[in-house]
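Below is one structure, written out as structure tokens; the observations come after it.
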Amino acid sequence: MWNVAVLAKLQESATLATNWYDSNLIQGNLKKYQTMSIRNKRVTCGDKRCLTVHGKGIMETENLKLLGPTIDCDINFNMHISNVCKKACQRIEVIMRLRNLMPTEAKLHLYKAAFLPHLTCWHLVWHFCRASGTRKIERVQERGQRAVLRDKLSSYHQPLEKSNLPTLYNRGTQDMYFNV
């Protein structure tokens, strides 16, 4: 449930931002204005409140794309992980189509340049997601490695060793350690 003071503050902030755009001759995109309530897992989403800025309604949403990652009102990244996996799987299909036309080394370079960044972009944000999300992303990486190396039988770690790559979980842990 929205607190009346919070709703008033949001209304004021949105109006101030839009007025700033107008005074600086910038056209603000009111279609991109959204609100989201972060809630306790025990509380269900109630009625959706609507702010009004310059006569246009801004509705509350259950998930929000914020500079890349998609988060929801429970602060989990399930939707973001699904989107990342979908994009990565599309690139795996390209590698699969090229499997007989390119040498393995060229496919590995393509994998590292066009595929792996989708799995590692924002990985520090969702590094602590649910185990099911981590498994889902690791399975996508495994599928990509199998497509590059044309290896259907070995365990998950063997193609990674051949490609000199860590698991995505280990990569996130290493990045956290080295960025501290």
Are Gln145 and Leu165 close enough, and set up right, to give a side chain to side chain contact (heavy atoms under 4.5 Å, CB included), and what steps lead you there?
-> CA-CA 10 Å; Gln145 282 290 293; Leu165 292 170; 3.6 Å; yes
Is any side-chain heavy atom of Val140 less than 4.5 Å from a side-chain heavy atom of Cys89?
-> yes
When every non-hydrogen atom of Ile92 is compared with those of Gly144, the smallest separation belongs to CD1-N, 3.6 Å
Worked verdict on Asn78 versus Asp72 for side chain to side chain contact (heavy atoms under 4.5 Å, CB included) | CA-CA 8 Å; Asn78 293 338; Asp72 67 10; 5.5 Å; no
Does Leu119 belong to the same Ile/Leu/Val/Met/Phe/Trp/Tyr cluster as Met79, with side-chain heavy atoms less than 4.5 Å apart forming each link?
-> no
Considering only heavy atoms from C-beta outward, does the side chain of Tyr111 approach that of Leu116 to under 4.5 Å?
-> yes
Under the 3.5 angstrom rule, does the side chain of Thr61 hit a backbone N or O of Asn63 as a donor-acceptor pair?
-> yes
Taking the side chain as C-beta and beyond, is there a heavy-atom pair between Val53 and Leu16 under 4.5 Å?
-> no
Under 3.5 Å, side chain of Lys107 to main-chain N/O of Ile95, donor-acceptor pair present?
-> no
Heavy-atom nearest pair, Arg171 first then Pro166, reads CB-CG, 4.0 Å
Counting heavy atoms not belonging to Lys112, are there more than 12 under 6.0 Å from its NZ?
-> yes
Kindly compute the distance separating CZ (Arg135) from CZ (Arg130), expressed to the nearest 0.5 Å.
-> 11.5 Å
Check Ala113 against Pro117 and note the closest heavy-atom contact, atom names and distance.
-> O-CG, 3.3 Å
Would Met102 end up clustered with Met96 when hydrophobic side chains under 4.5 Å apart are linked, directly or stepwise?
-> yes
Tell me, which pairs form a salt bridge (Lys or Arg N to Asp or Glu O under 4.0 Å) where one or both residues lie in residues 138-164, sequence neighbours left out?
-> Glu93-Arg143, Glu142-Arg146, Asp151-Lys162
Any side-chain heavy-atom pair from Ile71 and Met36 closer than 4.5 angstrom?
-> yes
Between Lys136 and Ser82, is any side-chain donor less than 3.5 angstrom from a side-chain acceptor?
-> yes
Using distance alone, with no hydrogens and no angle criterion, decide if Gln141 and Tyr156 have a side-chain donor and acceptor under 3.5 Å apart.
-> yes
Heavy-atom distance under 4.5 Å between the side chains of Val148 and Phe115, does that happen here?
-> no
Is it the case that one hydrophobic cluster holds both Leu110 and Leu149, taking links as side-chain heavy atoms less than 4.5 Å apart, direct or via other members?
-> yes
How far apart are the C-alpha atoms of Tyr33 and Thr18, what are their side-chain angles, what is the distance that settles it, and do they pass the side-chain hydrogen bond (donor to acceptor under 3.5 Å, both in side chains) test?
-> CA-CA 10 Å; Tyr33 282 29; Thr18 304; 2.8 Å; yes
For atom CG of Asn29, decide whether the heavy atoms of other residues, nucleotides or ligands shown that lie under 6.0 angstrom number more than 12.
-> yes
May I ask you to decide if Leu10's main-chain N or O and Ser13's side chain share a donor-acceptor pair within less than 3.5 Å?
-> no
What pair of heavy atoms forms the shortest contact from Leu108 to Ser163, and how long is it?
-> CD1-OG, 3.5 Å
Verify the distance criterion only: is there a donor paired with an acceptor across the side chains of His54 and Asn19 at less than 3.5 Å?
-> yes
